[in-house]
Amino acid sequence: MQILLPDQSRLELPEGASGLEAARTIGPKLAEQAVGVRVNGELRDLRLPLSDGEQIEILTTRNSGDPDALVVLRHSAAHLLAEAVRRLYPGVKIAIGPAIENGFYYDFDFPEPIAEEDLARIEEEMRRELAEGREWRREELERDEARRLFTEQEEPYKVELVDEAEGTISTYSQGDFTDLCRGPHLIDSKPVKALKLTALAGAYWRGDSANKQLTRIYGTAFFSKNDLEAHLVRLEEAKKRDHRRLGAQLDLFHFDEHSPGSPFWHPRGMTIFNQLEALRLRENARRGYLEVKTPLIYDKALWVTSGHWEKFRENMFLIPVGEEHVYGIKPMNCPGHMLLFGSKLRSYRDLPLRYAEAAPLHRNELAGALHGLTRVRYVTQDDAHLFCAKDQIPTELDGCLDYLRYLYGLFGIEPRAELSTRPENKLGSDEEWDFTEGELRTALDRYSIPYVLGAGEGSFYGPKIDLHITDVLGRSWQMGTIQLDAQMPARFGLTYVGADNREHPVYVIHRALLGSFERFIGILLEHTAGDLPLWLAPVQLRVIPVGEDHAEAARAIVEGLRRAGFRADLDDRAESVGRRIRDAELEKIPRLVVYGDKESPDDLAVRERGGAQSRKSLKELVLELTPLSSLPVS
RNA sequence: GCCGGAGUAGCUCAGCUGGUAGAGCAAGCGCCUUGUAAGCGCUAGGUCGUCGGUUCGAGUCCGACCUCCGGCUCCA
């Protein structure tokens, strides 16, 4: 048979030859370094047979940046971990251990809880395995055989996986350790040159909080010690961009234990917040939205009507009022907007009606879920509800997607889109969900937006288009969301009078495009490392008088800049010029003006963040910065 | 909420096996009058997260709670 190589040349091989044999035919060195094979673009075990006409690419220890090569390495490292744990902790049950981005993990059910100190011990055992050397053997089994094997080994989690496995059941063994596994794996443990166990955490069996919580051990592995070092350095660098750290450094916000999960916005952070709010107001006005303000607390009865009492109560802050009543602080704006829409008779001539409100919302998020600005209890969405007739849905969805593109384009952020469909605890019938999900899907297609499917991840009242962004530590956060809802307007009995003088049902699009100001600012800080564009920078310019004698003239420059609409301040501390420049750089101030004997309002020394210097008049400076300083126009 | 870890000055951290706390930076004051990323000196600053327990004696040992960090679950 003939196999196609990456350079388009053909390789003649005996029928049924494996990837490893292909590598050997090309060269012994290649076979030695081979860790896996990509067949027609898909990762496959080296031991598996190839077929005639397949296009292959041998992955080796030299492909240290190739995710597939690393997957093979790390997945094998996970098996080394499992072997070590089994040897050290008799009675432990093993669950699953895949490679993940940047490493691997393995889940165990320990008879006695282990602590972080144990990791060193386990790592040592793994090193011993590496010193001895391990070879992996692949075997294919019948389901019954596999079942018997893992029953004998008293591995109930593996038995459960065997029972649910589809297709060929295979095992990989190294030493006297055998694991149920689809592969692929290394041929032997030689390529594992750098190994590190990184963390210990709880994780529910099969990711379901109703199941038993297992102990997850995280680790990472590389083809070289240098790669591991580089990875650790990258992690350190990433930590410097962490928005929680930047928030303190740049004096933007802080948290206090008296109100966990609720940021205290400092003046500088509030400037960023307000600039985004100004952008929201201007752009909403341009796009035919109407700003409203609705109450923060509502009687329980409203939440019963909206469905939140049934589906969202555990996330709500409730306030008992007297003996009789319970009020709920709103976690979303929608029910209030429903009341507003329903406050009078609506005609088809009123539609679409786009109500916008960026109100404070409170959600009692699980204590362990809170995370800086990206997961808060006091959240401010750039929210709006678009009330429309059925046939207006496509146009309104288009409007949202266009708005979305505009906003994310402004910030140079490229989110991933996800279509989240009906969840288990949904309201309404399957027919209604078929319709609303279909509307969202076709809208995405009209806009040629690539998306992944989030099956079962919709809101309880409707499906969503969600935008996700990854933070500096690799965690994915949901930002903007567009949700199509037939349930809530129906529950509130919302209708409009059509041209036919009859009542028709109203549809609502819930949409928050930045998502929330809090999370968006957190992500923006991490993406920019705090180097915000001029229009968002809390302090845009700082004037530094060289000596005491220059303070007055410098103050006049600050005044001039402020009158021109800039956020400017003066640093006339009795510190050296070098010191004050350093402090301003650390504060990420975009422009500095150093003012001494050589300067006049017609000849200023301007320094850009980072160091570039130039000379210009105050007038020129104002002219240059004004377009960058005001809200961006499309 | 669950698993693991941590909480000492505004920040970053030291404090060995129990004997009433220390550094650097920041702050305040003074000196220097500064030319593009840290000038010098002095001073002040801590209920050692909270509550309880063991002990002659607790930052240190034990327990509960609170908060934070890393995961899981959940979400903008």
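Computed from a predicted model, the values in this text were never measured in an experiment. Proteins get letters first, then strands, A, B, ... in listed order; numbering begins at 1 in each.
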message: The side chain of Ser576(A) is closest to which nucleotide in this list: U34(B), G35(B), G70(B)?
response: U34(B)
message: Please report the distance separating the C1' of U73(B) from the corresponding atom of C56(B), rounded so that it comes out in whole Å.
response: 50 Å
- prompt: Does the side chain of Phe517(A) come within less than 4.5 Å of Ile272(A)'s, by heavy atoms?
  reply: no
- prompt: Looking at side-chain heavy atoms only, is the closest gap between Met332(A) and Arg363(A) below 4.5 Å?
  reply: yes
message: Mind checking if Ala605(A) touches a base, just sugar-phosphate, or nothing, with heavy atoms under 4.0 Å?
response: base
Side chain Arg206(A) and base C72(B) donor-acceptor under 3.5 Å: no
message: Please give the distance between the P atoms of G19(B) and A38(B) as a whole number of Å.
response: 42 Å
- request: When you get a sec, tell me which of A76(B), U33(B), C68(B) is the closest nucleotide to the side chain of Pro260(A)?
  value: C68(B)
Minimum-distance nucleotide to Glu257(A) side chain [options: G1(B), C66(B), A27(B)]: C66(B)
- request: Would you mind reporting whether Leu513(A) and Ile482(A) have side-chain heavy atoms less than 4.5 Å apart?
  value: yes
field: Distance below 4.0 Å between Arg244(A) side-chain N/O and G70(B) OP1 or OP2
entry: yes
message: Measuring from the side chain of Val577(A) (C-beta onward, heavy atoms only), which nucleotide among G35(B), G70(B), G71(B) has the closest atom?
response: G35(B)
- request: Compare the minimum distances between each of C32(B), U36(B), A76(B) and the side chain of Gln381(A), then state the nucleotide with the smallest one.
  value: A76(B)
- request: Step through the shown structure and confirm whether more than 12 heavy atoms of other residues, nucleotides or ligands are within 6.0 Å of CD on Glu112(A).
  value: no
query: Is the base of G1(B) touched by the side chain of Tyr204(A) through a donor-acceptor pair closer than 3.5 angstrom?
result: yes
statement: Nearest-nucleotide check on RNA chain B, His258(A) vs Met479(A); residue mapping nearer the 5' end is His258(A)
task: Take Trp477(A) and Pro545(A), find for each the nucleotide of RNA chain B with the closest heavy atom, and name the residue whose nucleotide sits nearer the 5' end.
output: Pro545(A)
query: Starting at CZ of Arg615(A) and ending at C1' of U36(B), how long is that distance when rounded to a whole Å?
result: 12 Å
message: Does any part of the side chain of Ser516(A), heavy atoms only, come nearer than 4.5 Å to the side chain of Trp477(A), both counted from C-beta?
response: no
Expected rows: protein N/O vs nucleotides 3-5 of chain B N/O, under 3.5 Å:
residue : atom : partner   : partner atom : Å
C3(B)   : O4'  : Gln213(A) : OE1          : 2.8
C3(B)   : O2   : Gly202(A) : N            : 2.9
G4(B)   : O2'  : Glu116(A) : OE2          : 3.4

task: Scan Ala574(A) against the nucleic acid and name what it touches under 4.0 Å (heavy atoms): base, sugar-phosphate only, or nothing.
output: base
query: Under 4.0 Å between a side-chain N or O of Arg475(A) and OP1 or OP2 of G71(B)?
result: yes
query: What integer number of Å spans the C1' atoms of A6(B) and U50(B)?
result: 16 Å
- prompt: To the side chain of Ser209(A), which of U73(B), A76(B), G39(B) is closest?
  reply: U73(B)
task: Scan side-chain atoms only and decide if Tyr89(A) and Asp118(A) contain a donor-acceptor pair under the 3.5 Å cut-off.
output: yes
- request: Kindly point out which of C75(B), G70(B), U34(B) is positioned nearest to the side chain of His371(A)?
  value: G70(B)
- prompt: Which of the following nucleotides, G71(B), G39(B), U73(B), is nearest to the side chain of Arg579(A)?
  reply: G39(B)
- prompt: Taking the same atom, C1', in C62(B) and in C69(B), what whole-Å distance lies between them?
  reply: 24 Å
message: Check the phosphate of C75(B) against Gln478(A), side-chain N and O only, distance under 4.0 Å to OP1 or OP2. Yes or no?
response: no
message: Taking the minimum atom-to-atom distance to the side chain of Arg582(A), which one of A37(B), U36(B), C75(B) wins?
response: A37(B)
task: Using the C1' atom as the reference point in each nucleotide, state the distance between G46(B) and U8(B) in Å, no decimals.
output: 8 Å
task: Give Gly578(A) one of three labels, base, sugar-phosphate or nothing, depending on what nucleic acid heavy atoms sit under 4.0 Å from its own.
output: sugar-phosphate
query: What do you reckon, is CD of Glu291(A) surrounded by more than 12 foreign heavy atoms closer than 6.0 Å?
result: yes
- request: Between G52(B) and U43(B), how far apart are the P atoms? Round to whole Å, please.
  value: 37 Å
message: Between G59(B) and C74(B), how far apart are the two P atoms, rounded to whole Å?
response: 43 Å
message: Please check if the number of heavy atoms outside Glu414(A) that lie under 6.0 Å from its CD is greater than 12.
response: no
Check: Arg475(A)/Thr374(A) side-chain N/O donor and acceptor closer than 3.5 Å: no
- prompt: Is Leu473(A) touching bases, backbone alone, or none of the nucleic acid, heavy atoms closer than 4.0 Å?
  reply: sugar-phosphate
message: Please pick, from A76(B), U73(B), G35(B), the nucleotide with the shortest atom-to-atom distance to any side-chain atom of Lys464(A).
response: A76(B)
message: Can you check the distance between A58(B) and G18(B), where both ends of the measurement are the C1' atom (answer in whole Å)?
response: 6 Å
